[in-house]
Amino acid sequence: MDDIVDLVTRSLADETAAEFTERVDEQAMRLRRAIEAGEFDNEAFSVGLEIELYAINAEPDPPEPDDEGDDETVAEEDLDDDLSGSSGAAWSSSLDAPAEPEDGAGASLEPDGDGASLDPEEGDPLEPAGDESLDQDTGEAADEPEDSFGPGEGPSLDIDPDSPLAEDEPETPEEEAEPAVESSVAEENDEPYMDPGDWKGRLTRLPDVVFEGEANKELGLHNAEVNTEPNSFDQTGMEVQTTAVEMQTKQARQQASKHNCELVLDAMWTIPPEEGSEQYLSAHETNDGVVLADNMRQAPRYVALDNEALDRAGGSIDFDVPGYSGSFPTILFESLATSIQPHLQVPDAEAFPEYYNAAIRTLGPLLALSVNSPFLPADMYDDTDGEWLCANTHHELRIAAFEQSVNTSENPKVRVPRDLDDTTDVVGRVVDDDLFAPFLREFLHDDDRAAFEDEFWEFDHKRGTYWRWLRCVVGGAAVDGASTEKSLRIEYRPLPTQPHVKDMIGLQALTVGLIRGLVVADHPAAELPWQEARRSFYSAAQDGSDADLSWVTAEGERTADHDAIYDEIFQYARLGLAEQDVPEARIDEYLGPIEARYEAGMTPSDWKIDRVRQSLDDGDDLSTAIQSMQREYIEASREHHSFDEWV
């Protein structure tokens, strides 16, 4: 623990910031030159996927205690752990900086009487916030300071598993103590002290042994992540992606089940841990001025980011959404949320802005199809009226949780990014972004810089805190037949974790296929004003399938009609997949479950709200209704193969 405190103290020192900034500037200059020289051009498109999960108690009996160590012991390898500490992540050698919580100008979530608003500002919802102001004479969006655009790892505070801070060697859990999976079991007998029906399904901490397999560590002790290796974007690559997601998710869940845990495919946990949600998210101690959150991975970067955000917020961070208003002494409430993150590598560096700007226009429509987090943990609502909450809650509370947990600097770091004019802008935006918790490479490594990722270590580290809902990753693992480690890829960050593997693969195919299809067809989607694209995104987060969306059709006409929008969404996703030689039968298999949910007019969030309403109508209180819904969700996810089968 002393080692972590020392590293965090060094990270936050003024002299570190000065040296770190100098190195980032020099590395950025070299990256710009390399991009301009064509060194980031590649042969073909590639795809990958990151999936975040959380753990619950699967059985009423707790696991046997771990006799091998002291809970206070910090494994040496964790000192070299990025926010995720994974070793087999997508693009595992990439310069993808630590889990962004990966890329507030975005939405302001200040309460306004009826609950928090998702409008970017309290005034005109189209008025950009922070440095993203509009030129009042021209009506055009004024340039951000180089529009800091950037990287990051994990939904979070995602420190990408492929970050330079991620471990180079596999975990050795046998050498480190496992955190308690659940506490307070009566010693006089083998029965849990609470009713098994209340015990089962509660949030729980994952023992470290679970991470011996496919699961990787994330911000919270209850979090896990699985990542596919990147593959070429074609028929074979998509089939490999599907198999990898199925097998890795299955293996991680089987490993957890050996320890009385279940890994849940869901976007936000709602059945609280035994000690209560606010206590779990707030528990911490202070060591030599460094805050150490009890239920956060004690990785130096996580701890440094936590302390940086807290310091900028004045010692506590507010969280306000409909039905809840509170304050936390740590950023850990960001770990309420779990997400999936499709990646699309673009081989033509010069064309990268075209793909990136088109992708921004898809954020609202794709989020509206996938919303899955309308409720906080049941015990956070106190005396909130259940009917009011069902009518007023946001359909995707993940957006609020991530933005409010780390948007404590002058220029909010989590937001919808601005359009790109030039490919090298992706470098300048990282350079100009507010500096959070810098590390110097020698803090964690004593060897010489040899590989590509070593050369640009500090730049990549800063990219790890460039938390935009869409961001560019500069560099990555080589993909056979597609790319070298010098590559540019889009990391698509706003999508919530879905109930089934088929749903997640479907959203991955929809996302990468749509972006590819819009560009290959020269679709005018990017002509939609950026302010409208951002407004659509926050409307989707608030209202889900009823969002007020904006789109430009293939004929160049503006529309808010959902049928017109989604006809083109699915049409151009199919076109993009076909362009990459994915056969029609496979396209039907990938997109069918997502098209079916649209036709049924039902998202996972809609389903959750409906179930809570039904429980309230049956006379249950709000807490009981939310927990009953959650257990039914978990059961349905076990019994079916895709969400459309539920409805």
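The model shown is predicted, which means the values in this text are computed figures rather than measured ones.
Within the 4.5 Å cutoff, side-chain heavy atoms of F45 are placed close to those of R516. Side chains of V346 and E354 form no contact here, defined as non-hydrogen atoms less than 4.5 Å apart. Taking the side chain as every heavy atom from C-beta outward, P230 and V47 never approach each other to under 4.5 Å. Contact annotation: the side chain of T497 never approaches that of Y54 to less than 4.5 Å [non-hydrogen atoms, C-beta and beyond]. Residues T236 and N231 form no side-chain contact, since every pair of their non-hydrogen atoms from C-beta on lies 4.5 Å or further apart.
With respect to the salt-bridge test (charged N to carboxylate O, under 4.0 angstrom), the residues D419 and R361 qualify. Salt bridge absent: R415 and E403 never bring a charged side-chain N and a carboxylate O closer than 4.0 Å. Taking the charged nitrogens against the carboxylate oxygens, D41 and K486 have no contact shorter than 4.0 Å, which rules out a salt bridge. Here R574 pairs with E595 in a salt bridge; the nearest charged N to carboxylate O distance falls below 4.0 Å. With respect to K608 and D266, a salt bridge is recorded, a charged nitrogen being found less than 4.0 Å from a carboxylate O. With salt bridges taken as basic N to acidic carboxylate O contacts below 4.0 Å, one links E532 and R558.
The number of heavy-atom neighbours closer than 6.0 Å to CD of E639, taken from other residues, nucleotides and ligands shown, is above 12. With a 6.0 Å radius and a threshold of 12 heavy atoms from other residues, nucleotides or ligands, E350 has its CD atom at or below the threshold.
Closest non-hydrogen pair, I515 versus L344, comes out as CG2-CD2, 3.9 Å. In terms of heavy atoms, A564 sits closest to T559 at CB-OG1, 4.1 Å. Between V501 and V245, the shortest heavy-atom contact is CG1-CG1, 3.6 Å. Annotation for I340 and M504: closest pair CG2-SD, 3.5 Å, computed over non-hydrogen atoms. Summarising the geometry of S232 relative to A482, their closest heavy-atom pair is CB-CB, 4.4 Å, with the distance given to 0.1 Å.
Outside the 6.0 Å centre-distance limit, the rings of F643 and H500 are not counted as a close aromatic pair. The ring of Y492 has its center no closer than 6.0 angstrom to the ring center of Y356.
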request  = Assess whether side chain to side chain contact (heavy atoms under 4.5 Å, CB included) is satisfied between V416 and I360, documenting all intermediate values.
outcome  = CA-CA 8 Å; V416 175; I360 291 174; 4.2 Å; yes
* In sequence, state the C-alpha distance, the side-chain angles, and the governing distance for T423 and F40, and then conclude on side chain to side chain contact (heavy atoms under 4.5 Å, CB included). => CA-CA 10 Å; T423 305; F40 282 79; over 6 Å; no
Step by step, would you call E645 with R597 a salt bridge (charged side-chain N to carboxylate O under 4.0 Å, His left out)?
CA-CA 9 Å; E645 294 180 5; R597 77 166 59 169; over 6 Å; no
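Distance alone, capped at 3.5 Å, is enough to place a donor-acceptor pair between the E396 side chain and the N372 backbone. Between the side chain of D543 and the backbone N or O of D546, no donor-acceptor pair lies under 3.5 Å. At least one donor-acceptor pair under 3.5 Å links the side chain of H562 to the backbone N or O of A547. Side-chain atoms of Q235 never come within 3.5 Å of backbone atoms of P583 as a donor-acceptor pair (strictly under, hydrogens ignored).
Taking the six-membered ring for Trp and thresholds of 30 and 60 degrees, H640 and W646 have ring planes inclined between 30 and 60 degrees apart. The aromatic rings of F570 and Y566 are tilted relative to each other, their planes meeting at an angle between 30° and 60°.
Distance check: K502 NZ to L507 CG gives 13.0 Å after rounding to the nearest 0.5 Å.
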